[in-house]
Amino acid sequence: MNEITVKFTLNGEEVSISAPPYFTLLRLLRERLGLTGAKPGCERGECGACTVLLDGEPVTSCLVLVPQVEGRRVDTIEGLSDGDHLHPLQQAFIDESAVQCGYCIPGMIISAKSLLDNNDSPTRDEIKRAISGNICRCTGYVKIIRAVEVAAERMREDEI
Amino acid sequence: MKFNYQRVNTVSEALEALSGNNETRKILAGGTDLLVMIQEHLISPGELLDISGIEELKEIGEDDGMIRLGALVTHGRIADSPLLREKALPLVESCGEVGSPQIRNLGTIGGNLVMASPSGDSIPALYVLGAEVILASNEGERSIPIEEFLIGVKKSAIRSDELLVAVIFPGMGADDRGFFRKLGQRKALAISKVSTAAIVSLRDGVIASARIALGAVATTVIRTPRTESFLVGQPLTPEVISEAARLCSEESRAITDIRSNAAYRDEMAGLLLSRGLAEIAEEN
Ligand SMILES: Cc1cc2nc3c(=O)[nH]c(=O)nc-3n(C[C@H](O)[C@H](O)[C@H](O)COP(=O)(O)OP(=O)(O)OC[C@H]3O[C@@H](n4cnc5c(N)ncnc54)[C@H](O)[C@@H]3O)c2cc1C
Ligand code: FES
Ligand code: FES
């Protein structure tokens with residue numbers, strides 16, 4: 001089948017790339033753009049391992065088709081660090097030992113980032129709700145929630 | 001996953017495309033049901049007609065007390081809308097419990113209606129709000145009450161040449177109180193085993209009218225007319241609430257399936273009603 005070309009903003013940079021229209025955004029990122037941070041888990045919208053930001057909102061990239069990203073903004077885990085410094089969320093996940101196998105973490109951090117972008121001091125319940133679409137089979141979530149709290153604290157301190 | 005793909009940017013383009021006969025074509029909105037069904041090989045459409053870019057279907061509007069939601073309004077936008085929190089609380093609460101944040105950012109109200117699942121979470125709320133569904137085709141528009149739109153398990157009254165363009169309902173008045181409660185296997189990412197939506201109108205502490213709808217208990221969403229008429233003229237006392245819960249469980253007539261069994265569902269339908277009513281009683 002004919003491929004189509006889409007133009008969109010990926011981690012702040014304009015990209016133009018071709019793929020079959022039935023490719024998901026997840027496949028486009030992994031197979032055509034070499035960005036393997038977003039992970040394929042269930043490919044049914046249930047696990048959240050493939051979560052990316054679409055126009056700033058978290059979505060499961062396994063349920064978005066390539067032509068649907070035309071003209072839009074996509075942010076993935078690869079865009080979080082500035083090259084020298086990790087994003088406070090990434091650093092907090094390391095410091096709080098919130099990572100075990102790591103498979104869920106890119107999606108988890110993207111969901112947490114969308115929360116902190118809109119709310120600089122979330123409650124524990126707000127954190128739980130924000131990551132409720134991200135399943136972790138290893139950690140039991142306690143350290144993940146703590147890491148998000150630590151990141152929020154540090155980001156608030158940096159603001160001052 | 002393989003199919004032909006066509007994108008339309010306006011309603012008239014969509015209706016034009018739909019007027020051509022094509023047995024294997026499917027409309028794509030948020031894709032949270034359709035793409036999952038394709039992934040699971042439950043269906044294999046030859047062509048997807050992508051309507052997700054039609055801006056005119058993304059509006060939330062109010063005109064003379066009537067609320068109009070475009071078909072492509074997402075669950076997330078409904079859950080976050082201050083207007084709807086004031087005028088359609090049961091809908092705000094139900095859309096806020098769909099799937100997960102990611103699913104709520106993609107899934108649309110139109111898709112939830114056309115899927116016509118008995119456990120579609122927006123549907124009980126739309127029943128108690130007295131909603132009508134607006135369907136458009138090249139021949140014009142028609143509007144049908146939600147009870148007539150949903151005709152069975154995953155069956156709706158939409159024709160293959162039609163597009164669901166909007167759902168409309170009167171906004172709740174100053175005396176109206178409402179809620180939605182659902183019970184699933186876990187808090188997030190769980191299909192309802194049973195859900196209850198209700199709106200009661202309270203005047204001087206007495207119920208002037210009541211509308212109750214149960215989701216996931218029968219082949220379509222059902223109303224509970226005996227419980228509703230029992231409530232009218234009563235104050236919201238603990239005794240009245242527990243009698244309403246008992247009647248509601250009786251009227252639920254639930255089915256048994258993989259997610260739950262009939263007796264449990266009946267009992268929980270009543271319990272969800274009593275919890276919602278008790279909260280309203282507390283706040284008034
Ligand atoms: C992980 C997960 C969790 C979920 N949890 C819930 C839940 O808790 N509660 C719940 O109710 N649902 C849930 N769903 C189901 C789904 O998200 C909703 O039903 C959603 O509202 C579907 O909307 P959509 O825009 O994604 O529809 P799509 O998948 O795009 O379409 C669904 C169907 O409707 C048709 N259609 C869509 N829009 C129109 C239109 N305007 N006119 C005519 N036909 C149209 C399509 O052709 C298709 O047949 C879940 C799904 C997933 C993947
Ligand atoms: S891979 Fe997308 S949600 Fe699981
Ligand atoms: S760290 Fe292994 S799934 Fe979360």
Side-chain angles (χ1 to χ4, degrees), chain A residues 1-4 6 19-27 38 40-72 107-108 110-115 118-119 125-135 141, chain B residues 1-9 26-55 58 72 74-77 79-80 93 96-108 111 184-191:
Chain A
M1 191 179 298
N2 287 343
E3 300 209 339
I4 56 151
V6 284
Y22 54 81
F23 259 41
T24 61
L25 172 57
L26 177 63
R27 268 188 91 176
C42 62
E43 295 183 74
R44 310 266 189 288
E46 289 181 11
C47 73
C50 66
T51 303
V52 302
L53 297 179
L54 185 59
D55 291 337
E57 293 184 334
V59 298
T60 44
S61 62
C62 67
L63 296 181
V64 175
L65 295 180
V66 166
Q68 297 182 305
V69 302
E70 175 69 40
R72 301 177 74 179
M108 197 68 85
I110 290 291
S111 288
K113 177 173 190 298
S114 132
L115 171 70
N118 297 301
N119 179 351
D125 277 345
E126 285 169 336
I127 296 173
K128 284 187 187 168
R129 193 170 157 80
I131 61 167
S132 62
N134 295 82
I135 291 176
Y141 305 101
Chain B
M1 252 201 331
K2 249 186 196 167
F3 37 75
N4 288 315
Y5 173 91
Q6 187 189 353
R7 186 173 179 82
V8 285
N9 292 312
K26 279 279 182 189
I27 292 172
L28 173 72
T32 59
D33 276 312
L34 191 66
L35 296 180
V36 171
M37 289 189 288
I38 296 174
Q39 294 277 29
E40 293 183 344
H41 305 286
L42 296 174
I43 54 169
S44 53
E47 181 186 310
L48 292 197
L49 181 67
D50 183 358
I51 63 166
S52 67
I54 304 182
E55 291 301 323
K58 297 183 183 172
L72 291 177
T74 59
H75 297 293
R77 283 187 53 220
D80 288 344
E93 291 184 340
E97 291 209 31
V98 167
S100 64
Q102 294 93 317
I103 297 298
R104 291 194 286 276
N105 285 334
L106 292 171
T108 65
Q185 192 66 33
R186 59 197 283 269
K187 262 196 175 161
L189 290 167
I191 297 172

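Chain A is the first sequence line, chain B the second, and so forth, proteins listed ahead of strands; every chain is numbered from 1. Owing to the predicted nature of the structure, the values given are computational and were not obtained by experimental measurement.
Partners of B/D80 under the side chain to side chain contact (heavy atoms under 4.5 Å, CB included) rule, at least two apart in sequence or in another chain, do not exist in this structure.
There is no contact between A/C42 and chain B, counting heavy-atom distances below 4.5 Å. The contact between B/L28 and chain A is made entirely by side chain atoms (from C-beta outward), counting heavy-atom distances below 4.5 Å.
Of the residues considered (A/T51, A/L65, A/V64), A/L65 shows the highest number of contacts with chain B, using heavy-atom pairs under 4.5 Å. Residue with the most contacts toward chain A among B/I38, B/N105, B/V36: B/N105 (heavy-atom pairs, distance under 4.5 Å). Chosen from B/S100, B/G53, B/P101, the residue pairing most often with chain A at heavy-atom distances under 4.5 Å is B/P101. Note: A/P58 leads A/S111, A/P58, A/A130 in heavy-atom pairs under 4.5 Å with chain B.
In this structure the side chain of B/I103 never reaches within 4.5 angstrom of the side chain of A/E46, judged on heavy atoms.
Here the CD-CZ distance, from A/E57 to B/R77, works out to 9.0 Å after rounding to the nearest 0.5 Å. For the atom pair CG of A/L63 and CD of B/Q102, the computed distance is 10.0 Å after rounding to the nearest 0.5 Å.
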Please tabulate, for the side chains in residues 41-48 of chain B, all donor-acceptor contacts under 3.5 angstrom to protein atoms that are two or more places apart in sequence or on a different chain.
none

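By the 6.0 Å contact criterion, CZ on A/R44 is enclosed, its count of non-hydrogen atoms from other residues, nucleotides or ligands being greater than 12.
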